[in-house]
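Beneath this line is the structure, given in structure tokens, with notes to follow.
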Amino acid sequence: MFFLLSGCNPNLAADAHLTPGIVYCSEGDPSSFNPQLTTSGTTSDASAYQLYNRLVEYDPSLGSIQPGLAHSWHINENGKIYTFYLRKNASFHHNDNFTPTRLFNADDVLFSFNRIIDTNHPFHEVSGGSYPFFQSVGFNSLIDRIVKVNQHMVVFYLHERDSSFLANLAAHFSIILSEQYGELLISQDRANEIDTAPIGTGPFTLDSYFPNNHIRYKANTAYWNGAPQIEQLVYDITPKSTNRIAKLMTGDCDVSALPQSSELEFIRRQVKLELQIQTGFNISYWAFNLQRPPFNNRLVRTALAHAINKRAIIEAVYYGSATVADSVLPPLSWAYNEHLPQYEYDPDKARALLIEAGYEDGLSMDIWISPVQRIYNPNATKTAELLQGQLARVGVSLHIKTYGWSVFLSKLNEFTYDSVLLGWTADNADPDNFFRPLFSCAALLAGNNRVNWCDPAFDHILSLGISHTKQEKRMKYYVQAQAELNEMLPLIPLAHALRFQVKNRNILGMPLNPYGGISFAKAHRKKSTSNKRQEQR
């Protein structure tokens with residue numbers, strides 16, 4: 001056991017053999033330990049389900065909202081008043097600086113959400129004052145007020161009906177923080193530690209973090225939903241997929257994130273490894289900066305759409321583990337528009353459109369790519385190189401640019417790129433999750449709208465989509481939204497990828513979530529036959 005927990009890095013504590021656990025090979029460092037502050041999947045994976053809980057949770061196996069820190073809730077007839085009845089047995093973590101003197105209650109709910117919506121909240125500006133997911137879905141303007149009725153009852157009053165409200169409260173980002181911890185940090189002039197030395201109610205507590213190296217978590221033995229079956233969890237930060245697979249093979253890691261499509265056949269042949277596969281609610285896309293000439297010209301964007309061969313990219317990058325995307329919304333969604341006209345691969349048409357747009361000699365442009373591997377794009381460099389080769393055939397010179405992860409995220413908000421290769425993984429099955437976080441005017445202000453485009457008329461369509469509760473009424477607005485995007489072409493949808501995770505077969509209790517995120521709350525190691533015999537004795 002010592003080998004399993006310390007082999008990933010010699011700097012891990014020498015007592016690792018005393019505490020059985022699981023080592024997870026992660027693809028990168030979190031940008032913080034608070035998922036409120038970013039839409040980065042790497043950050044969510046390291047914090048959202050290990051350290052925290054939400055009022056409600058999304059159960060992918062049932063496709064429904066389930067109780068979390070709220071054991072029940074009630075929605076009034078007009079859909080504008082949500083009353084949550086809170087658990088009385090959930091305790092917060094403690095660390096060297098903080099020991100809670102009370103259990104979770106309504107004050108923590110108000111503290112967590114008022115931080116986001118109240119600009120006068122003492123923690124609103126801490127860590128930058130940006131809450132991209134909430135800002136992109138108009139959370140600030142949606143909430144009229146949040147009222148504490150008593151210690152275990154909270155009421156959210158909305159300005160208008162929003163059928164995605166519960167789903168958004170179940171998203172990775174809607175975590176509950178400790179008001180007591182916040183008060184202590186303010187008094188110590190250490191407010192930023194609320195996001196770097198986290199305190200939550202989740203199944204694990206943060207023990208230590210060494211950037212570019214590892215994160216160590218310890219089991220929260222007082223966890224309200226049942227203590228984890230492992231005593232510790234280690235995230236071994238290993239950016240290269242080949243290195244993650246190698247560590248799985250040597251036993252240095254038990255579970256690995258995001259195996260590349262080219263590695264799947266090798267993994268399938270390994271008797272000790274299990275490849276988990278799940279249909280993914282995600283989209284990989286090539287986005288244009290619509291405020292930057294010549295990409296503000298629809299003819300140019302249309303030419304680029306006809307210049308690329310999506311199927312070739314699927315075969316070369318995903319090895320058949322994805323489907324060609326013709327909409328941002330996956331075909332599995334109940335709101336998918338199956339009648340969208342397609343931009344077929346047609347280099348001759350692409351050249352003609354470029355000439356019509358005034359670029360008979362072609363054009364030069366850049367594409368920014370993420371340095372971190374994601375579910376929706378397992379190899380951004382290879383995808384960009386394929387685009388580069390395809391565009392060269394129509395006279396377009398594509399220059400590939402990348403930066404370190406934190407620099408990349410920061411520079412995206414400066415909108416100095418021509419185009420960017422990115423993607424999105426939904427938090428739940430509500431179609432709104434693919435639209436407002438990516439295309440709304442609020443998302444542009446929040447820094448999550450990468451096409452740099454805002455259209456109030458399009459926003460109105462999205463608002464109508466969430467103003468109804470019945471699918472048949474909502475569907476017509478999402479069908480219309482997809483048609484508008486298909487016509488406007490602010491980005492080119494590329495692929496909907498399957499989600500993969502690879503683990504040692506003796507690791508149990510880790511179903512793969514199609515909506516992203518990873519939880520070790522129920523993870524455990526299968527007992528060996530020898531251990532069972534000893535127990536029987």
Side-chain angles (χ1 to χ4, degrees), residues 35-41 44 54 56 58 65 79-80 82 113 116-117 130-144 156 158-174 281-283 285 287 290 325 327-330 333-337 376 412-413 422-469 471 473-488 490-491 493 515-516:
Q36 292 177 334
L37 306 176
T38 178
T39 55
S40 160
S44 290
R54 287 138 292 278
V56 292
Y58 189 79
I65 306 295
K80 295 181 181 180
Y82 287 71
F113 289 105
I116 297 165
I117 65 177
S130 178
Y131 307 91
F133 174 78
F134 297 99
Q135 291 162 343
S136 66
V137 298
F139 202 78
N140 298 38
S141 57
L142 175 66
I143 304 296
D144 178 18
F156 285 71
L158 310 187
H159 285 295
E160 55 193 9
R161 182 195 295 267
D162 184 336
S163 58
S164 67
F165 180 65
L166 267 185
N168 288 336
L169 288 187
H172 312 325
F173 319 101
S174 300
F281 265 64
N282 58 62
I283 178 67
Y285 60 78
L290 267 61
S327 167
V328 293
L329 205 57
S333 172
W334 55 262
Y336 173 71
N337 184 350
Y376 44 73
L412 278 177
N413 293 329
L422 282 173
W424 178 256
T425 299
D427 306 290
N428 52 66
D430 195 299
D432 179 72
N433 203 261
F434 278 92
F435 293 100
R436 283 196 296 170
L438 300 180
F439 301 106
S440 68
C441 295
L444 182 58
L445 294 173
N448 213 41
N449 180 331
R450 301 308 180 191
V451 297
N452 201 9
W453 168 70
C454 166
D455 183 354
F458 187 74
D459 266 17
H460 183 61
I461 296 171
L462 302 183
S463 296
L464 292 172
I466 58 173
S467 65
H468 299 282
T469 55
Q471 283 189 9
K473 289 186 176 181
R474 299 184 69 197
M475 184 169 183
K476 68 176 183 179
Y477 297 112
Y478 293 115
V479 166
Q480 183 182 355
Q482 290 168 81
E484 294 279 347
L485 290 176
N486 192 64
E487 173 67 21
M488 181 67 181
L491 57 73
Y515 304 104

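Here the structure is a predicted model, which means the values were calculated and not measured.
Evaluation of the salt bridge (charged side-chain N to carboxylate O under 4.0 Å, His left out) rule for R450 yields no partner, not counting sequence neighbours. Listed by chain and number, the residues in a side-chain contact (heavy atoms from CB on, under 4.5 Å) with N337 are H339, L340, V479, Q482, A483 (sequence neighbours excluded). Residues satisfying the side-chain contact (heavy atoms from CB on, under 4.5 Å) test with T38, not counting sequence neighbours, are S31, S40, T43. In this view, D427 satisfies the salt bridge (charged side-chain N to carboxylate O under 4.0 Å, His left out) rule with no residue, not counting sequence neighbours. Applying the side chain to side chain donor-acceptor pair (under 3.5 Å) test to Y478 and every residue at least two apart in sequence or in another chain returns R474.
When every heavy atom of S136 is checked against every heavy atom of S440, the shortest pair comes out as O-OG, 2.8 Å. The minimum heavy-atom distance between F113 and S174, with the atom names listed, is CZ-O, 4.2 Å. Taking both residues in full, the closest heavy atoms of S163 and G465 are given as OG-O, 3.9 Å, listed atom of the first, atom of the second, then distance. Minimum heavy-atom separation, A481 to F435: CB-CE2, 4.0 Å. Shortest non-hydrogen contact noted between F434 and N282 is CZ-N, 4.0 Å. The shortest heavy-atom contact between P490 and F439 is CG-CE2, 4.3 Å.
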Applying side-chain contact (heavy atoms from CB on, under 4.5 Å) to M488 and L290, what does each step give before you reach the verdict?
CA-CA 10 Å; M488 181 67 181; L290 267 61; 3.6 Å; yes

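A 4.5 Å side-chain heavy-atom check between N168 and R436 finds at least one atom pair inside the cut-off. Considering only heavy atoms from C-beta on, L412 comes within 4.5 Å of L422 through its side chain. Taking 4.5 Å as the limit, every side-chain heavy atom of L158 sits out of range of all side-chain heavy atoms of D144. Put simply, the side chain of Y58 reaches to within 4.5 Å of the side chain of I65, judged on heavy atoms.
Q471 CD to W334 CH2: the interatomic distance, rounded to the nearest 0.5 Å, is 5.0 Å. Between T39 atom OG1 and N448 atom CG the span is 4.0 Å, to the nearest 0.5 Å. The structure places CG of L491 at 8.0 Å from CD1 of I283, a figure rounded to the nearest 0.5 Å. In this structure, the separation between CD1 on I466 and CD1 on I461 is 13.0 Å, given to the nearest 0.5 Å. Atom CG in N140 sits 10.0 Å away from atom OH in Y131 (nearest 0.5 Å). D455 CG to L444 CG: the interatomic distance, rounded to the nearest 0.5 Å, is 12.0 Å.
The aromatic rings of F173 and F133 sit parallel, their planes meeting at an angle under 30°, below the 60° perpendicular limit.
Residue pairs meeting the side chain to side chain donor-acceptor pair (under 3.5 Å) criterion with at least one partner in residues 457-469, sequence neighbours excluded, are absent.
Side-chain polar atoms of S164 and D430 form no donor-acceptor pair below 3.5 angstrom.
No donor-acceptor pair closer than 3.5 Å links the side chain of W424 to the backbone N or O of Y285. Proximity of a side-chain donor or acceptor of S327 to a complementary backbone N or O of P493 within less than 3.5 Å is not detected. In this structure a side-chain-to-backbone donor-acceptor pair under 3.5 Å is missing from N433 to P437.
Ring pair F134/F139: centre-to-centre distance below 6.0 Å.
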